Number of protein chains: 2
Amino acid sequence: MAKIKDVAAAAGVSPSTVSRVLCNGPVSDKVRKRVEDAMRKLDYRPNMAARRLRSQHTDTIGLIVSDIRNPFFTAVSRAVEDEAYRNGMRVILCNTDENPDKEAMYLRLMQEERVTGVIFAPTRQTVASLDPVALGFPVVMIDRASRDVITDAVVLDNRRAAAALVDHLLAQGYRDIAGVFGNTSSTGMERHAGFVEAMQLAGLPAPAQFVAPSVEAAEQAVRTMLAAPQRPRALVVSNGVLMLGAVRALKSAGLQWPQDVALAGFDNDVWTELLGDGLTVIEQPVGEIGRAAMAMLLERLDDPERSPRIVVLQGKLLARGSSAPAG
Amino acid sequence: MAKIKDVAAAAGVSPSTVSRVLCNGPVSDKVRKRVEDAMRKLDYRPNMAARRLRSQHTDTIGLIVSDIRNPFFTAVSRAVEDEAYRNGMRVILCNTDENPDKEAMYLRLMQEERVTGVIFAPTRQTVASLDPVALGFPVVMIDRASRDVITDAVVLDNRRAAAALVDHLLAQGYRDIAGVFGNTSSTGMERHAGFVEAMQLAGLPAPAQFVAPSVEAAEQAVRTMLAAPQRPRALVVSNGVLMLGAVRALKSAGLQWPQDVALAGFDNDVWTELLGDGLTVIEQPVGEIGRAAMAMLLERLDDPERSPRIVVLQGKLLARGSSAPAG
DNA sequence: ACAAAAAGTGGGATCGATTTCAATTGATAA
DNA sequence: TTATCAATTGAAATCGATCCCACTTTTTGT
């Protein structure tokens, strides 16, 4: 494969000049054209490794999410990638499966790649022990954040969103409401807090279950909840993955929504609007989350000293059939 | 950030020796331990750019898919990534949106990154003009392949799968069957061919529509099909994304399946089993596709000379409620 | 027309690792 | 004890680009 020296020779200039053409340095139009012709003729492709080594900047950001199969994260990733690309940056995408070991491994990988910055949706465990300074690059958290560690972050107003679901169910006439929350993310905790707050405000108990963030775990948990002597009349479910489990549990128990159990949850995944008269959900501004995270990262790179900030975005309640009045 | 020289100094050895520790070269246990201690103390992270430049191998493969939001591709990606990781390789994931310009751009990117190989789901347009030799790295195609260009590939037996859907619908008593296929991929073409073949074998006409591979395009197309004077009694739909559009069209037209229109398609996306009594689909062996592609790529790297082969995997018909007998 | 400033170009060091080759050490056998 | 050989180690070249500095050419101002 042709290298810069070959191009230089072919164009009758020095390697320095070829490099200047590559980097839009000061080159006369005549020479630039000669060099570009040579590049085309030799089918030259700059070697990124060499470029990054010498220039000491990679123009690459890391995006570490817990599960790319979760439509929430695919949508956010998509937005991050588009935005990154528009700013001349590449993205390295990583899946952690909510596994702290994998998180540590990928953070180390990011260091080895000398990424410019990282956008990260960490588990509670990792978020507690994270030292962004030691990492050597700025980190913007998404979806999840910690109250203690101060980092840039883009999150949903989870308490309010969860409370909105509860208020909606209450307004529809439901009282006996139970919650299902993920146990690995701060998000699950926040949503639980909002759930409890709103229920207490209404003077109601707030029974809740915490489960591993998988369809199977949720299905199992909901199945037992539904089999209990006094089963709840409505369910608030903490995210799209768990909601899928809840729906499966209801179906396999032969229960209908909202007739037998009302449903309300998070994430406007494509299928939620197709089930019966639709599932009531909080729609997250996924595109905005991705774009905001990328924007924050760029600002941080611009000014490493500015104080960390947290962008809190609001969800949007989509009231659909699964939470229709008890009738 | 510490470099190899610093580690060498701290451990009282030469940089060469540190490098040998890094690469599992011949080093005495005593020295190895000293070096490893020094690395830990300095929090050393090898610089991948430098390593790749010098060693001339990146241990990185490219994975170019058309849409990471399509569950088929997310699932395949996941399998590829896991398999790659198990073989000590990194993956660069790219989205093309079925856009040939983006495909060209990402192929160029792969060259600049000097990837070891690429797994690629190309559009028909690109597949026709692809010259794997000129690219400089081996390419394994997934999901799609060309009859002309000879490359390693992993594909579904699309004709047979489509025919299986038709046969199933025929067995259930349906005759008036129409098809909806994507117009950018060879896959759509193959499935169409299988559809036509099976219909002709039954002595039936095979009306078909080709649409852009988006939910909206499919919804629009199906909506007009359903509004036509003699609307089909059953629909064969070429993939999960289009199926989503078809379902939306049916719902908005107030039609039920299978009572008004029977449905059968591809991709066992999570939601397909939740809709009514489930959607009849061909389940693709997504994990196997990803693993097979990665395996083929490794074999090809092992032996660049061996003749190209195509792995054809079989889909599995999941007969569900949407194709129940006409009653 | 001449000095000063600006623009364009080339030479050579450099980024941080690996790799080749030579040197040294230690172990083994005669 | 000494020659031989394998196992370790170090010195220096190298990967392919960028970047600093010096030099030449052109432009500008007076």
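Treat the numbers as computed from the prediction; the structure is a model and nothing was measured. Atom set for the values below is all heavy atoms of this structure, side chains included, hydrogens, waters and symmetry mates excluded. A, B, ... follow the sequence lines: proteins, then strands. Residue 1 opens every chain.
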#### Entry: Any Thr151(B) side-chain heavy atom under 4.5 Å of Leu130(B) side chain
no

### Task
Using the salt bridge (Lys or Arg N to Asp or Glu O under 4.0 Å) rule, collect all pairs that involve residues 6-23 of chain A, keeping only residues at least two apart or in two chains.
none

### Task
Considering only heavy atoms of chain B and a distance under 4.0 Å, specify the first and last nucleotide of DNA chain C in 5' to 3' order that meet this criterion.
dG16(C) to dT19(C)

### Task
Grab the CD1-P distance between Ile4(A) and dC19(D) for me, whole Å please.
11 Å

With a cut-off of 3.5 Å and sequence neighbours excluded, list every side-chain donor-acceptor pair involving residues 82-90 of chain B.
{"from": "Glu83(B)", "atom 1": "OE1", "to": "Arg86(B)", "atom 2": "NH1", "distance (Å)": "3.0"}
{"from": "Arg90(B)", "atom 1": "NH1", "to": "Glu113(A)", "atom 2": "OE2", "distance (Å)": "2.6"}

### Message
Measure CE/Met48(A) against P/dA17(D) and give the value in whole Å, please.
### Response
11 Å

### Task
Specify the residues of residues 28-45 of chain A, ordered by number, for which at least one heavy atom lies under 4.0 angstrom from an atom of DNA chain C.
Ser28(A), Val31(A)

### Task
With sequence neighbours left out, write down each residue that passes salt bridge (charged side-chain N to carboxylate O under 4.0 Å, His left out) with Glu81(B), or none if nothing qualifies.
none

### Task
Tell me, with the steps shown, if Thr184(A) and Glu98(A) meet side-chain hydrogen bond (donor to acceptor under 3.5 Å, both in side chains).
CA-CA 7 Å; Thr184(A) 54; Glu98(A) 307 269 6; 3.0 Å; yes

### Message
Tell me if the CG atom of Leu301(B) is crowded by more than 12 foreign heavy atoms within 6.0 Å.
### Response
yes

Polar pairs (N or O, both sides) under 3.5 Å between protein and nucleotides 10-14 of chain D?
{"from": "dG10(D)", "atom 1": "OP2", "to": "Ser14(B)", "atom 2": "N", "distance (Å)": "2.9"}
{"from": "dG10(D)", "atom 1": "OP2", "to": "Ser14(B)", "atom 2": "OG", "distance (Å)": "3.1"}
{"from": "dG10(D)", "atom 1": "OP2", "to": "Thr17(B)", "atom 2": "OG1", "distance (Å)": "2.7"}
{"from": "dG10(D)", "atom 1": "N7", "to": "Arg20(B)", "atom 2": "NH2", "distance (Å)": "2.6"}
{"from": "dG10(D)", "atom 1": "O6", "to": "Arg20(B)", "atom 2": "NH1", "distance (Å)": "3.3"}
{"from": "dA11(D)", "atom 1": "N7", "to": "Ser16(B)", "atom 2": "OG", "distance (Å)": "3.3"}
{"from": "dA11(D)", "atom 1": "N6", "to": "Ser16(B)", "atom 2": "OG", "distance (Å)": "2.9"}
{"from": "dT14(D)", "atom 1": "O2", "to": "Arg54(B)", "atom 2": "NH1", "distance (Å)": "2.6"}

### Query
What residues, two or more places apart in sequence or in another chain, satisfy salt bridge (charged side-chain N to carboxylate O under 4.0 Å, His left out) together with Arg124(A)?
none

### Query
What pairs with Glu103(B) under salt bridge (charged side-chain N to carboxylate O under 4.0 Å, His left out), at least two apart in sequence or on another chain?
none

### Qualifying residues under salt bridge (charged side-chain N to carboxylate O under 4.0 Å, His left out), relative to Arg45(A), sequence neighbours excluded
Asp43(A)

Check: residues 24-33 of chain A side-chain donor-acceptor pairs under 3.5 Å, at least two apart:
{"from": "Ser28(A)", "atom 1": "OG", "to": "Val31(A)", "atom 2": "N", "distance (Å)": "3.4"}
{"from": "Lys33(A)", "atom 1": "NZ", "to": "Asp37(A)", "atom 2": "OD2", "distance (Å)": "2.7"}

### Message
Five pairs per end, C1' atoms only: what is the angle between the end axes of the helix from dA1(C)-dT30(D) to dA30(C)-dT1(D), to 10 degrees?
### Response
30°

### Euclidean distance, atom CG of residue Asn24(A) to atom P of dT18(D) [Å, nearest integer]
11 Å

#### Entry: Results of side chain to side chain donor-acceptor pair (under 3.5 Å) for Ser55(A) - residues two or more places apart only
none

### Summary
From CZ of Arg114(A) across to C1' of dT18(D) the rounded distance in Å is 18 Å

### Message
When you compare the side chain of Pro213(B) with that of Asn183(B), does any pair of heavy atoms fall below 4.5 Å?
### Response
yes

### Message
For a 4.5 angstrom cut-off between non-hydrogen side-chain atoms, does Tyr44(A) reach Leu22(A)?
### Response
yes

### Task
Specify the separation, in whole Å, of atom CE of Met1(A) and atom P of dC15(D).
16 Å

